[in-house]
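Just so you know, residue 1 is the first one in the sequence shown, and it goes up from there.
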Amino acid sequence: MKFGKEFTAQAVPEWHEADMDYDFLKTLLKEIQRFRLRTKPPATNPGGLKRTLTLYRAFSGLTRRNGTNYTPMSPSSPDLELHPILVNSVNLDGSQSYRTAFVMPSVQGGEYELVFFRRLDDEFNKVDKFYRSKVEEVLKEAAMLNEQMDALIAFRIKVENPAGWYDRVADMTRLASDVAASTAALAASSPSGARERRRGLHLMDAIEEGQSLHAQSGESDHDKVEKESDNIDQKEEEEENPKSMDRTFRPAPLEILNRVKINTLATPRSTIKSFLKVPQQTELKFTRENLRKVEEQLKGAFFEFYQKLRLLKSYSFLNTLAFSKIMKKYDKITTRDASQVYMKMVDNSFLGSSDEVTKLMERVEATFIKHFSNSNRRNGMRVLRPKAKKERHRITFYMGFFSGCTVALIIALVLIVKAMFPLYSLFGLIVLHVLMYAANIYFWKRYRVNYSFIFGFKRETELGYRQVLLLGFGIAALALCSVHLNLHMEMDPKTKEYGEFTELLPLNVLIFLLIILLWPFNMFYRSSRFFLLTCIFHCIAAPLYKVTLPDFFLADQLTSQVQSLRSLEFYICYYGWGDYKHRRSNCKESPVFITFSFIVAVIPYWSRLLQCLRRLFEEKDPMQGYNGLKYFLTVVAVCMRIAYNINKGDGWKAIAWVFSSVAAIFGTYWDLVFDWGLLQRHSKNRWLRDKLLVPHKSVYFGAMVLNILLRFAWLQTVLNFRVTSLHKETMITLVASLEIIRRGMWNFFRLENEHLNNVGKYRAFKSVPLPFNNVEDDDDDE
């Protein structure tokens, strides 16, 4: 793989704008190469054979170039004016920048090289400035985690043995003295340069000060040696400042608990109390249950912080390597020796010489292993660095095996009699939605949309498109077997006595799928199933939980599955009050069924409306109010269409037509402008947006047109389009399928827009709530 593709594949998608523009610099080098080929064609000698000067001989410095007296010199040479470039550090707007002076501008084609180095400096200053800002951010975050760990240690002490803590202060002081004495000789014998490299980053050192009592009570000699090595940096600092001994090795004081309170996660109860302005209890309760919650929250915070450090280290390495590669290409094309001089500047810059990230990673590893893995390094590193998922061939095999049943399922659904159609159409709609989601994942990965980060999936547990296809085709094959078994057993005269059993097959399939969904053991992608169940519960209790993107994204999916919810209602009526043994039911004539048909159709839109109201209440964003108005109009339109289908009449038809038209126009405009970010008149891509992930603009225009057409598929329910060869239930299912297809298309562009917003804000990490909150900070905010 070429380095350009490898660089793009390994880079953080949200930091793409901050990465070195390797491709553009390559185009500038190609322009230099084309100019040199035009102005200096290869020499020919018709009189005889003569070896031409090759690039390798020219690069070795054995030939003269362009009639100049330039000779490549090493960076350490005192004759710096003989180098093709000089790199200087300048101060622009209060920040350090670098400028490269090309000392051979008069040579032929020198203006091209001037443009190249000017752009190269811009790219390096951009990368260096971004990296410096991110390092400052992680240093501040490290200081916050340091305070959190002090509070955790004190909290842990208070829970496990509050009475015996002060008796251990003398032991800790004596241990500190022993450690300092044992490392004094090593610090004295170490070169000053080595000590200087290890000095300067102590933000996480305080985290190593204390442990839980159960860990310290069984501390071995090996653990003590390990503790000594962890605190080498503190000892070196203490040689210069002996008074810092008391501060460095002082156990975490319990007084810190007087300045903090526990941040409780949002629950329906806390939401109701907040809405009613009921004062909530902030007193710390030193229980093991609270200790477990605090440890879990802080463990997650350390994990996310460590991933951020890993990405920062990778960012520094990849961009430094990119500058090295581009300078080697420059040397190869121009036969100059400029890469050594430029890379020496890169190595001495903050990007190349800063080791704060590496030190922080070591500190985080030591802290995490000691306090969250019971000093077991293997278990701790397994959590901090989870292994990448392996692609299993059996998934592809079973996916292909089950996919062979899908076409037959669709044909079988069309041929089933009227009473059975709603029962099996449920599985068809679910399978179609799953397949659309698999297609979404495939194209998100292809165009580098970081969907796992946007949805907040747990690392290394998100499903790929192959796994989702396997689930979809597995459900399709299961439903198909039920269909054929049902029809075959009904037509066989020998098994007519088992009619009740055969009619219960669809219900058994549905119950089986629900059991798999709720299966508590670590099978069938448990992490993904529980994530889905959590989001479903948040949608049901919409106003009582803080709204996140997965919650309202799933609620939008449910608005496209209204027909499936109606099929579930039909299941209850058909098997609860219908004569399923003879495939007869009067469900649609029942007033209770009709009433619940209104409720079931409105539930997804109502849930989405409540989510918008919750966000309006929290964020004070008027756009959430307008979005809620869109769903309110949709609720009214759905009710009017159902009323028209039940009562008929021109009056109901006119009302359904008006509200449905307004809701569809409002929804279409919101899709294109706010959800997809398109129709921007003054953007670089006219009527689209400035940044596009799909290279073909026609895809966006085609998607907009198709979205409008599918948005108005409800016209069939109002205008009563008739297709003579299709049954009414079949037509309803086809319209519901078109809505699912529209939703699948909407999913891709919605997440693309969300991803580009993250890219614009360089947002590559999710914010993790910390367990403790400083009371003084709250007072300052007030």
Side-chain angles (χ1 to χ4, degrees), residues 2-4 7-8 18-43 52-92 96-129 318-349 351-352:
K2 292 186 177 180
F3 176 75
F7 180 63
T8 303
D19 283 322
M20 169 190 174
D21 197 344
Y22 186 81
D23 293 334
F24 184 77
L25 291 175
K26 279 182 62 177
T27 59
L28 295 180
L29 290 180
K30 289 180 180 179
E31 291 180 0
I32 297 174
Q33 187 178 30
R34 284 194 293 266
F35 177 81
R36 294 172 71 88
L37 291 177
R38 287 197 308 267
T39 58
K40 189 178 180 180
T52 59
L53 298 178
T54 65
L55 179 63
Y56 302 101
R57 296 184 65 200
F59 185 74
S60 66
L62 300 179
T63 60
R64 296 170 62 88
R65 298 181 293 279
N66 300 326
T68 64
N69 59 352
Y70 169 75
T71 304
M73 301 290 290
S74 64
S76 60
S77 173
D79 300 327
L80 293 177
E81 61 272 7
L82 297 180
H83 286 285
I85 60 172
L86 292 175
V87 185
N88 300 314
S89 175
V90 296
N91 193 348
L92 296 178
Q96 186 180 17
S97 301
Y98 296 91
R99 286 288 179 264
T100 302
F102 183 58
V103 298
M104 304 173 62
S106 58
V107 299
Q108 195 173 14
E111 62 276 9
Y112 289 95
E113 300 182 46
L114 282 173
V115 172
F116 168 76
F117 282 111
R118 189 177 299 117
R119 183 56 185 264
L120 183 66
D121 289 339
D122 292 340
E123 292 297 320
F124 179 78
N125 291 327
K126 175 188 70 175
V127 171
D128 186 71
K129 182 180 179 180
L318 286 176
N319 281 276
T320 302
L321 183 60
F323 283 106
S324 175
K325 291 285 187 180
I326 204 69
M327 287 306 301
K328 288 181 179 179
K329 286 182 177 293
Y330 171 81
D331 288 351
K332 184 176 180 180
I333 291 174
T334 61
T335 65
R336 307 191 196 284
D337 190 12
S339 61
Q340 295 184 16
V341 177
Y342 199 87
M343 290 310 300
K344 183 178 181 181
M345 179 274 297
V346 173
D347 293 337
N348 293 330
S349 67
L351 177 69

For the residue pair [X] and [Y], what are the closest heavy atoms and their distance?
X	Y	result
Phe7	Ala322	CE1-CB, 4.1 Å
Arg99	Asn125	NH1-ND2, 2.8 Å
Val127	Ala18	CG2-O, 3.5 Å
Gln96	Ser89	NE2-OG, 2.9 Å

Exercise. Are the side chain of Asp331 and the backbone N or O of Ala338 linked by a donor-acceptor pair below 3.5 Å?
Worked result: yes
For this session: Quick one: list whatever passes salt bridge (charged side-chain N to carboxylate O under 4.0 Å, His left out) with Asp121, sequence neighbours left out.
Result: none
For this session: Could you pull out all residues at least two apart from Arg34 that satisfy salt bridge (charged side-chain N to carboxylate O under 4.0 Å, His left out)?
Result: none
Under a 4.5 Å cut-off applied to non-hydrogen side-chain atoms, are [X] and [Y] in contact?
X	Y	result
Leu120	Met327	yes
Met345	Ile85	no
Asn319	Glu123	no
Leu28	Tyr112	no

Problem set entry | Positive for ring pair (Phe, Tyr, Trp, His ring centres under 6.0 Å) with Phe323, one of Tyr98, Phe124, Phe3 |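 Testing each of Tyr98, Phe124, Phe3 against Phe323, the sole residue satisfying ring pair (Phe, Tyr, Trp, His ring centres under 6.0 Å) is Phe124.
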Nearest-0.5 Å distance, [atom1] of residue [X] to [atom2] of residue [Y]:
X	Y	atom1	atom2	value
Leu29	Lys332	CG	NZ	12.0 Å
Thr320	Leu351	OG1	CG	4.0 Å
Lys329	Ile32	NZ	CD1	13.0 Å
Tyr22	Thr27	OH	OG1	11.5 Å
Lys325	Lys26	NZ	NZ	11.0 Å
Leu25	Met20	CG	CE	4.5 Å

For this session: List the steps, then state whether side-chain contact (heavy atoms from CB on, under 4.5 Å) holds for Asp21 with Arg119.
Result: CA-CA 9 Å; Asp21 197 344; Arg119 183 56 185 264; 3.6 Å; yes
Exercise. Is it the case that more than 12 heavy atoms not belonging to Lys126 sit under 6.0 Å from its NZ atom?
Worked result: yes
For this session: Please assess Phe116 against Glu31 for the test side-chain contact (heavy atoms from CB on, under 4.5 Å), listing each intermediate value before the final yes or no.
Result: CA-CA 10 Å; Phe116 168 76; Glu31 291 180 0; over 6 Å; no
